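Reviewing the structure listed below.
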Amino acid sequence: MMNSNYLERYIITIETLGPLYIGSGHEIGKKDWILNRRDNTAYIIDEIKLFNYLRNNNLLSSFEKFMLSNARGGLFEWAKENKVINEIIHQTSKYSLDCENIAQVKTVKSIQTFIKDGYGMPYIPGSSIKGAIRNILLSQSIEKDTHSNDDIISALRKPNAGDNNKLNGEKDKLDKKYFRTIDREGSNYGDAVNDIMSGLKIADSKPLSFDNLTLCQKIDANLDGYTRKTRIPILRECIRPETKIEFNLTIDTSLFKKSISYIEEAVENFLDNYNEEFLLKFKEESPYYGNVIYLGGGAGYHTKTVTSSLLKNEPDKVKIMGNIINNTVSEKMRDKHRHYDDHKLGVSPHMVKLTEYDGERVQMGPCEITITKL
């Protein structure tokens with residue numbers, strides 16, 4: 001519970017610099033959307049409206065038979081075959097997405113959806129911003145506390161480093177050391193109830209318009225900027241670049257004692273470290289500087305972890321990192337991805353995650369952030 005005598009209120013504003021994807025955990029299957037290349041639009045179908053349309057027009061049997069017998073086709077192929085594309089679009093669509101930024105796909109795939117509220121509108125949870133800030137502050141604490149995490153670094157050097165249970169154990173040690181320091185009455189050292197981040201509350205954004213969404217395709221590029229000949233068939237609903245979103249921030253200064261200027265400094269330091277340790281290794285990528293954070297899915301390993309901060313002064317840091325990432329990949333896929341050889345390339349992971357927007361390859365998730373006191 002926050003103490004009202006110590007409350008400070010702010011507005012956090014982010015402006016997306018690249019497409020931003022925050023997943024809902026759900027996918028739209030091939031029978032639930034139509035990709036219409038004539039107007040470069042993806043139409044997302046309302047299942048109830050579609051069922052009623054098919055039933056009222058005696059098309060249920062035809063649709064079911066097509067879907068069961070045609071593994072490659074989707075709703076568009078069936079609608080085209082039955083000459084009802086316009087009817088399906090106009091009578092059963094829930095919303096539409098610009099799909100100019102995705103490559104031609106031979107096989108209809110599912111769409112990974114953006115998170116939506118109880119009314120079906122896209123929004124950004126405050127927890128997404130808070131999680132990113134938490135990771136950035138943890139990185140800052142690690143870098144200011146030089147040579148005091150040797151036990152954790154030793155654990156990261158082990159051959160089985162990367163196992164989720166072991167990584168979570170090391171993360172818990174860091175949380176106890178740098179965040180769980182309040183010492184509430186009746187609690188024990190390291191209890192989650194003592195977390196200083198409990199004094200920082202970020203509300204969810206207001207609902208966004210579907211006009212703020214676009215459809216983006218996953219792209220991986222290597223150190224020389226080359227991408228696969230065949231685009232990765234993963235499609236995501238993303239917030240467009242140049243979208244501004246606001247969040248209410250409340251700080252209980254009796255619990256969270258770090259200043260806004262400290263947070264801003266941590267944001268810049270984390271970004272500088274990300275550029276130096278990872279992004280600048282890729283010839284075609286242009287880094288951001290200043291008050292920029294990376295949010296959401298597809299932004300990459302280094303934006304979500306503090307591993308590079310822990311290993312920053314280790315001469316064999318790339319080899320250690322490659323081993324950690326290799327251990328997160330299923331055994332049958334390790335020889336395909338070959339993260340165990342990343343140290344030969346000088347960076348791990350050895351691919352950067354991108355997408356395409358407005359005819360250009362862009363990074364996923366960069367957002368300019370400003371914090372203003374009310």
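These figures come from a predicted structure and were not determined experimentally.
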Margin query: Looking at Glu170 and Lys173, is any side-chain nitrogen of the basic one under 4.0 Å from a carboxylate oxygen of the acidic one?
Written below: yes
Notebook entry, point to check: Can you get from Phe278 to Val362 by hopping between Ile, Leu, Val, Met, Phe, Trp and Tyr side chains that sit under 4.5 Å apart?
Noted result: no
Check: Got a donor-acceptor contact below 3.5 angstrom from the Asn323 side chain to the Lys158 backbone?
Finding: yes
Item checked: Student check: side-chain heavy atoms of Ile45 and Ile88 closer than 4.5 Å -> yes
Next item on the list: Would you kindly say whether Asn269 and Gln140 are connected by a side-chain donor-acceptor distance under 3.5 Å?
Entry: yes
Next item on the list: Taking only Lys NZ, Arg NE, NH1 and NH2, and the carboxylate oxygens of Asp or Glu, determine whether Asp172 and Arg180 approach each other closer than 4.0 Å.
Entry: yes
Check: In terms of side-chain geometry, is the basic nitrogen of Asp341 or Arg338 positioned less than 4.0 Å from the acidic oxygen of its partner?
Finding: yes
Notebook entry, point to check: Are Lys177 and Ser148 linked by a side-chain donor-acceptor pair shorter than 3.5 Å?
Noted result: yes
Notebook entry, point to check: With a 4.0 Å cut-off, would you call Glu314 and Arg157 a salt bridge?
Noted result: yes
Notebook entry, point to check: Do the side chains of Tyr357 and Pro241 get nearer than 4.5 Å, heavy atoms only?
Noted result: yes
Checklist line | Leu138 reachable from Ile133 in the ILVMFWY side-chain graph, under 4.5 Å edges | finding: yes
Notebook entry, point to check: Among Asp204, Ile239, Thr243, which one satisfies side-chain contact (heavy atoms from CB on, under 4.5 Å) with Ile124?
Noted result: Ile239
Next item on the list: State, with a plain yes or no, whether a side-chain heavy atom of Ile245 is found less than 4.5 Å away from one of Ser205.
Entry: yes
Next item on the list: Answer with yes or no whether the side chains of Glu368 and Tyr288 bring together a donor and an acceptor at under 3.5 Å.
Entry: no
Next item on the list: Spell out, as yes or no, whether a donor-acceptor pair under 3.5 Å connects the side chain of Asp191 to the backbone of Asn188.
Entry: yes
Note to self: Keeping Lys257 on the side-chain end and Ser254 on the backbone end, is there a donor-acceptor pair under 3.5 Å?
What the structure shows: yes
Next item on the list: Establish whether Val347 and Met364 are linked, either directly or via other cluster members, by ILVMFWY side-chain heavy-atom contacts under 4.5 Å.
Entry: no
Next item on the list: Verify the cluster assignment for Tyr123 and Ile11: are they in a single hydrophobic cluster under the rule of side-chain heavy atoms below 4.5 Å apart?
Entry: no
Check: More than 12 foreign heavy atoms under 6.0 Å from CG of Leu374: is that the case here?
Finding: yes
Notebook entry, point to check: With distance as the sole test, does Thr253 use its side chain to make a donor-acceptor pair with the main-chain N or O of Tyr6 at under 3.5 Å?
Noted result: yes
Note to self: Is there a side-chain contact between Ile44 and Ser93 in this structure, where contact means two heavy atoms from C-beta onward sitting under 4.5 Å apart?
What the structure shows: no
Check: If Ile, Leu, Val, Met, Phe, Trp and Tyr residues are connected whenever their side-chain heavy atoms lie under 4.5 Å apart, and connections chain through other members, are Ile325 and Val306 in the same group?
Finding: yes
Item checked: Lys144 and Glu265 ion-paired at < 4.0 Å -> yes
Note to self: Is there a side chain to side chain donor-acceptor pair (under 3.5 Å) between Tyr10 and Glu8? Walk through the geometry before answering.
What the structure shows: CA-CA 7 Å; Tyr10 300 83; Glu8 293 181 354; 2.6 Å; yes
Check: Does some side-chain heavy atom of Leu137 sit less than 4.5 Å from a side-chain heavy atom of Met197?
Finding: yes
Notebook entry, point to check: Do we see a donor-acceptor contact under 3.5 Å between the side chains of Ser308 and Glu277?
Noted result: no
Next item on the list: Let me see the working for Ile263 and Ile371 under side-chain contact (heavy atoms from CB on, under 4.5 Å), right down to the final yes or no.
Entry: CA-CA 9 Å; Ile263 296 175; Ile371 304 175; 4.2 Å; yes
Margin query: Just by distance, no angles: are the side chains of Tyr189 and Asp183 close enough, under 3.5 Å, to form a donor-acceptor pair?
Written below: no
Notebook entry, point to check: Charged N to carboxylate O below 4.0 Å: is that the case for Asp342 and Lys344?
Noted result: no
Next item on the list: Would you confirm whether Arg334, through its side chain, and Val329, through its main-chain N or O, come within 3.5 Å as a donor-acceptor pair?
Entry: yes
Item checked: For Ala42 against Leu215, the heavy-atom pair lying closest together -> CB-CD2, 4.0 Å
Next item on the list: Please examine the side chains of Leu97 and Thr41, heavy atoms only from C-beta on, and report whether any two atoms are closer than 4.5 Å.
Entry: no
Check: Do Pro207 and Pro122 come close enough that some side-chain heavy atom pair is under 4.5 Å?
Finding: no
Check: With a cut-off of 6.0 Å (strictly less than), are more than 12 heavy atoms of other residues, nucleotides or ligands near NZ of Lys116?
Finding: yes
Notebook entry, point to check: Between Asn194 and Ser187, is any side-chain donor less than 3.5 angstrom from a side-chain acceptor?
Noted result: yes
Check: What's the shortest heavy-atom distance between Gly74 and Met67, and which atoms?
Finding: C-CE, 3.4 Å
Notebook entry, point to check: For residues Asn327 and Tyr340, is any side-chain donor paired with an opposing acceptor at under 3.5 Å?
Noted result: no
Next item on the list: Carefully, step by step, assess Arg240 and Asp98 under the rule salt bridge (Lys or Arg N to Asp or Glu O under 4.0 Å).
Entry: CA-CA 10 Å; Arg240 297 174 181 274; Asp98 162 49; 3.8 Å; yes
Margin query: Strictly distance-based, threshold 3.5 Å: is any side-chain N or O of Asn82 a donor or acceptor partner for the main-chain N or O of Ala79?
Written below: no
Notebook entry, point to check: Is the closest side-chain donor-acceptor distance between Thr307 and Tyr301 under 3.5 Å?
Noted result: yes
Next item on the list: Mind listing the closest non-hydrogen atom pair of Cys216 and Cys238 along with its distance?
Entry: CB-SG, 3.9 Å
Check: Looking only at side chains, do Ser198 and Arg184 share a donor and an acceptor under 3.5 Å apart?
Finding: yes
Next item on the list: For Lys283, look at atom NZ and say whether over 12 heavy atoms of other residues, nucleotides or ligands are found less than 6.0 Å away.
Entry: no
Note to self: For a quick test of reading the model, state the closest non-hydrogen atom pair linking Lys281 to Gly346 and the distance between them.
What the structure shows: CE-O, 3.9 Å
Next item on the list: Would you kindly say whether Asn248 and Lys201 are connected by a side-chain donor-acceptor distance under 3.5 Å?
Entry: no
Next item on the list: Mind telling me whether His350 and His339 have parallel, tilted or perpendicular rings, with 30° and 60° as the class edges?
Entry: tilted
Next item on the list: For the pair Lys304 (side chain) and Ala299 (backbone), establish whether a donor and an acceptor sit closer than 3.5 Å, ignoring hydrogens and angles.
Entry: no
Next item on the list: Check the pair Asp145, Tyr178 against side chain to side chain donor-acceptor pair (under 3.5 Å), reporting the backbone distance first and the verdict last.
Entry: CA-CA 10 Å; Asp145 196 10; Tyr178 296 114; 2.8 Å; yes
Next item on the list: Would you check if the side chain of Asn36 reaches a backbone N or O of Arg38 as a donor-acceptor pair within less than 3.5 Å?
Entry: yes
Item checked: Electrostatic pair Arg134:Asp175 at N-O distance under 4.0 angstrom -> yes
Margin query: Taking the basic N atoms (NZ, or NE/NH1/NH2) and the acidic carboxylate oxygens, is any pair closer than 4.0 Å for Glu246 and Lys206?
Written below: no
Note to self: So Lys49 and Lys94, do their side chains get closer than 4.5 Å, heavy atoms only?
What the structure shows: no
Note to self: Under a plain distance cut-off of 3.5 Å, with no hydrogens placed, do Glu237 and Thr113 share a side-chain donor-acceptor pair?
What the structure shows: no
Checklist line | Rounded distance [0.5 Å steps], CG in Leu59 versus CG in Leu50 | finding: 10.0 Å
Check: With distance as the sole test, does Lys353 use its side chain to make a donor-acceptor pair with the main-chain N or O of Gly297 at under 3.5 Å?
Finding: no
Next item on the list: Check the side chains of Glu264 and Tyr262 for a donor-acceptor pair under 3.5 angstrom, ignoring hydrogens and angles.
Entry: no
Next item on the list: Measure centre to centre between the rings of Tyr95 and Tyr43, then say whether the value is under 6.0 Å.
Entry: no
Margin query: Within the 3.5 Å criterion, strictly below it, is a donor on Ser62 or Trp78 matched to an acceptor on the partner's side chain?
Written below: yes
Next item on the list: Work out which heavy atom in Phe282 is nearest to a heavy atom in Asn222; give both atom names and the distance.
Entry: CD2-O, 3.4 Å
Margin query: Using only atom types and a distance under 3.5 Å, with no angle test, would you say the side chain of Gln363 pairs donor to acceptor with the backbone of Pro287?
Written below: no
Next item on the list: Identify the two heavy atoms, one from Leu295 and one from Ala132, that lie closest to each other, and give their separation to 0.1 Å.
Entry: CD2-CB, 3.5 Å
